[in-house]
*Asks:* 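Before I ask anything, here is the structure I am working with.
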Amino acid sequence: MDSRISGFYKLSLDERRKKVIEFSSLSEDDLNIMKSQLPMDIAERMIENVIYLMEVPVGIATNFLINGKDYLIPMAIEEPSVVAAASNAARIAREGGGFFTTTSEPLMIGQVQVVKLKDPYFSKAKVIENKNNLIRIANEQDPVLVSLGGGCKDIEARVIDTSLGEMLIVHLIVDVRDAMGANAVNTMAEAVAPYIEEITGGKVYLRILSNLATYRMAYARAVFPKKVIGEDAVEGIIYAYEFARRDPYRAATHNKGIMNGIDAVLIATANDWRAVEAGAHAYASLNGYQSLTKWEVNNEGDLEGFIELPLAVGTVGGASSTHPKAKLARKILNVKDSREFAGVLAAVGLAQNFAAIRALAQEGIQRGHMSLHARNIAIMAGAEGELIDKVADEMVKEGKVRLDRAKELLKKFKNS
Ligand code: MEV
């Protein structure tokens, strides 16, 4: 089915649900999950000291065509305009053939910190010489992962200079398949530590994965045709990009816009969005803080966008497998594994960046924000049904989005 659904935002809540149910072949049970709350007993097993739940709306981004496949994308976010912006950008990218994505193997890095070494380089050599033993010990911890084709694949070691002397940092390169991988990697890092101490004579302190997952990368590209967006937008976006490329103050905000989209999908699927955030910004800083996207103009004058970032995300394990709404979100997304999921996230990030810098370079973002804000103010003033839009539209037209004005307008419309 086509994810290009025009006027999705104009449908009622029930009609929108119906469309998604049809698109994703959802069941009656799925619909009940959409309508229900997370059971408290599940919540109490997720974290400690629970007292209540915090609701965030989940919206569906439409129009995404990625590697020739249509997607509806659930996004959980409290900020207005993000879902609309993603859908709009995806509609335009479709005209250029949609998004194309690639991902690397799902390789995570586990770090083991070895200190108090007399001979850090000699120790490094010993670690590398004993690579096969380290890999064996690591893999003994997770036979299931190994049976699925994953497991520890390689060992790297670096000497770093610190104010407490040189330290040896051993990296376990672990294929985590479709998990986010933190548990598997941390277990392996802890398991190899005594053997590393034995062969190096040093002392191990930290044993933990790195969120700078440079071996678990996702890439997406898309063309945004000039004939759809106009030459001014192409030029404006190129100028916006150059600004982000040269100025870390701007790059931080530019990348925040990218993460608006990626985080929203991660939250909808109960993935560790903090891990992805940390990885994205650390990756952006590898050569001085930079934009995660690149923008160019091709021979035809069309705008080409590209994004690359580490994306450590799972489709099995953790809350993404226990939270009923996270499972529902994954059903809607219909991704077969963590790599396809990472590709979708990269495409969403690129779409979000396109939408943000296009709006910023042209009309600004406030107009889009204002119409939703105005609706909220109209509701606060007591408007119901059709009057919500009527009051909101009038306030936006007047440029006066205020509670007192909403009350006046509501009175006027009610009396007329
Ligand atoms: C707001 O949440 C995101 C933007 O600031 C992103 C950007 O400036 O590119 C609009």
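In each ligand, atom 1 is the first atom listed, and ligand 1 is the first ligand listed.
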*Asks:* Using a strict cut-off of under 4.0 Å between a residue heavy atom and any atom of ligand 1, list the qualifying protein residues by chain and number.
*Replies:* Glu79, Arg250, Thr253, His254, Lys256, Gly257, Asn260, Ala356, Leu360, Ile365
*Asks:* To the nearest 0.5 angstrom, please state how far the CG atom of Leu266 sits from the CZ atom of Arg274.
*Replies:* 9.5 Å
*Asks:* Output all residues satisfying ring pair (Phe, Tyr, Trp, His ring centres under 6.0 Å) with Phe224, sequence neighbours left out; order by chain, then residue number.
*Replies:* Trp295, Phe354
*Asks:* Whether the side chain of Asp247 engages the backbone of Tyr249 through a donor-acceptor N/O pair (distance < 3.5 Å, no angle test) should be reported.
*Replies:* yes
*Asks:* Mind listing the closest non-hydrogen atom pair of Ile128 and Ile155 along with its distance?
*Replies:* CD1-O, 4.0 Å
*Asks:* Do the numbers put Lys390 on top of the ring of Phe413, so that NZ or CZ is under 6.0 Å from the six-membered ring centre and no more than 45° off the axis?
*Replies:* yes
*Asks:* Under a 3.5 Å distance rule, please check whether Asp302 uses its side chain to pair with a backbone N or O of Lys226 as donor and acceptor.
*Replies:* yes
